[in-house]
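I have placed the structure first, in the form of structure tokens, so that the comments after it can refer back to it.
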Amino acid sequence: MTKTKKFSIVIAGGGSTYTAGIVMMLLENADRFPLRALKLYDIDEARQAIIAKAIAIELKEKAPNIEFTWTTDPQTAFTDVDFCFAHIRSGGYKMREQDEKIPLKHHVVGQETCGPGGIAYGMRSIGDIIELIDFMERYSPDCWMLNYSNPASIVAEACRRLRPNAKILNICDMPVGTQRRMSQIVGLQPEDLEVRYFGMNHFGWWTSVKDKAGHEYLPQIRDYVAHHGYLTQVEVDTQHMDASWQATHKKAQDLLAVDPNYLPNTYLKYYLYPDYVVAHSDPEYTRANEVEDGREKRVFTAAQKIIDAGTSEVGAFPIDSHASFIVDLACAIAFNTHERMLLIVENNGAIANIDDDIMVEVPCIVGKDGAEPLTQGKIPLFQRGMILNQAMVEKLVVDAWIHHDYQELWQALTLSKTLPSAQVAKEVLDDLIVANREYWPELR
Ligand code: NAD
Ligand code: LMR
């Protein structure tokens with residue numbers, strides 16, 4: 001019998017609220033994805049240390065054979081690794097709060113990845129992700145980066161432009177989370193579903209949801225969503241349960257009404273109902289505050305409790321869809337399983353009637369050489385118009401970052417469906433520039 005290969009992983013963004021969940025998931029999957037080494041890498045030593053010390057205790061008790069370290073030194077982090085799981089937040093929650101609150105001050109959608117907030121976050125993330133890719137290529141050229149860092153769509157477009165040959169797969173857990181809800185609606189397990197989907201990240205539609213025998217469930221799910229959105233009775237996904245997420249799942253019924261043929265991604269609400277979103281946002285308390293008071297507090301309190309007790313017996317970190325998806329993806333690459341998964345890839349004909357060079361989110365077959373997109377055919381006028389508009393917004397953002405160009409960034413905001421006019425776009429942009437002085441390239 002051949003000995004199973006053991007893997008060495010670095011988690012970039014070691015201090016993330018998701019790191020502990022991913023490590024727990026890795027431990028749970030040690031049979032199919034065994035580890036020899038695990039490293040955490042972050043630029044914030046103090047934040048990472050809390051998560052790392054708790055994980056060290058977990059590993060000592062549950063998997064003492066895994067060599068575990070944490071560091072802020074790129075060479076130490078990226079040397080001798082097979083996979084980098086990346087989930088960094090450039091600028092942290094402090095800047096997420098600005099991304100949300102500055103647009104809201106102008107009565108415009110303030111959101112992590114959509115509209116001006118997403119653009120501002122993109123302008124911060126691009127350089128940091130490119131830097132991670134360069135570390136990986138310098139110290140472990142065969143390594144794959146599985147990247148969750150947002151805003152995934154803008155980050156993916158930047159990678160396509162700036163590091164076209166990098167071994168990076170940009171991913172998102174939102175469709176996975178929604179598919180869990182769909183599986184519950186029809187009484188199946190998430191892994192029973194096989195979907196067809198087209199769009200961009202946080203901007204797409206399901207055109208088919210079948211079981212493995214080929215039975216089509218889309219009409220049944222559509223009837224349910226028309227009444228309840230994606231709200232389900234039982235907790236299916238620990239990650240998207242806060243009050244604001246419940247409202248978002250429910251709002252899917254109004255997204256469906258715009259085109260009842262397809263099942264919408266929940267993030268479309270920011271583009272299709274921006275006025276509703278603004279009217280239902282509290283400019284003094286946004287999602288960043290909800291996460292700081294919720295997930296961040298829960299995770300760091302749990303970690304501190306483990307450190308203080310010196311044992312992991314005092315509590316457990318939750319495992320969510322975010323964690324399970326990334327481990328599934330690593331397995332598909334490591335063992336060439338040709339599993340079918342939704343990933344963000346260069347279009348190249350996967351959606352027949354949009355440009356080849358748009359980064360789309362479609363089902364792909366994943367194996368040791370990465371992702372092979374499955375063609376989704378031609379899409380209708382409405383979705384095509386939406387996608388082309390959003391794709392050009394994101395391309396302008398990446399152009400603006402590369403060229404340090406104010407005009408291109410103003411055009412990006414002006415083109416976004418979330419902004420009402422060039423004038424408002426300029427006012428929002430000028431405020432964002434001031435807030436992001438430390439992070440963005442200086443625009444000319
Ligand atoms: P967080 O702020 O808790 O953690 C991010 C960590 O990254 C922090 O510890 C920070 O110090 C670190 N960091 C920032 N810049 C860095 C850099 N240049 N190099 C190394 N480390 C750096 O954030 P979080 O809420 O846990 O989210 C982490 C990321 O995951 C975010 O980008 C978020 O948007 C993303 N996310 C993606 C999905 C998805 O499905 N695509 C879902 C959830 C979260
Ligand atoms: C996050 O990290 O905050 C994302 O999962 C998105 C969200 O608003 O929960």
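Quantities reported herein were computed from a predicted structural model and do not represent experimental measurements. The residues of the chain are indexed from 1 along the displayed sequence. Every number for a ligand or one of its atoms is a count from 1 in the order of the listing.
In this structure, Tyr267 and Tyr270 have tilted ring planes: the angle between them lies in the 30° to 60° band. Ring planes of His228 and Tyr224: tilted class, angle from 30 to 60°.
Contact of the Tyr230 side chain with the Pro264 side chain is registered, since non-hydrogen atoms from C-beta on lie closer than 4.5 Å.
The proximity of Glu100 to ligand 2, defined as any non-hydrogen pair under 4.0 Å, does not occur for either the backbone or the side chain. Only backbone heavy atoms of Ile171 (N, CA, C or O) come within less than 4.0 Å of ligand 1; its side chain stays farther off. Counting heavy atoms under 4.0 Å from ligand 1, residue Glu296 does not touch it at all. At a heavy-atom distance under 4.0 Å, atoms from both the backbone and the side chain of Arg89 approach ligand 1. Counting heavy atoms under 4.0 Å from ligand 1, residue Tyr121 touches it through the side chain alone.
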ring-ring contact (aromatic ring centres under 6.0 Å, His included), that's the test. Do Tyr148 and His87 meet it? Break it down for me.
CA-CA 5 Å; Tyr148 259 128; His87 55 195; 7.3 Å; no
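In the vicinity of Arg287, heavy-atom distances shorter than 4.0 Å reach the ligand 2 atoms 7 (C), 8 (O), 9 (O). Atoms of ligand 1 lying under 4.0 Å from any heavy atom of Asp173, numbered from 1 in the order shown and given with element: 39 (C), 40 (O), 42 (C).
Checking only distances, Tyr18 does come within under 3.5 Å of ligand 2, N or O to N or O. The N/O atoms of His240, backbone and side chain alike, include none that comes under 3.5 Å of an N/O atom in ligand 2.
The pair Asp80-Lys39 does not count as a salt bridge, with every side-chain nitrogen at least 4.0 angstrom from each carboxylate oxygen.
Heavy-atom distances between Arg89 and ligand 2 reach below 4.0 Å in at least one pair. For Arg96, the closest heavy-atom approach to ligand 1 does not fall below 4.0 Å. Within the 4.0 Å heavy-atom shell around ligand 2 one finds Arg295.
Regarding atom 6 (C) of ligand 2, its nearest protein heavy-atom neighbour is Glu112 OE1, 3.2 Å.
In this structure, Glu191 places its CD atom where more than 12 heavy-atom neighbours from other residues, nucleotides or ligands lie under 6.0 Å away.
A donor-acceptor contact closer than 3.5 angstrom is absent between the side chains of Thr72 and Glu45. Between the side chains of Lys101 and Gln98, no donor-acceptor pair of N or O atoms lies under 3.5 Å.
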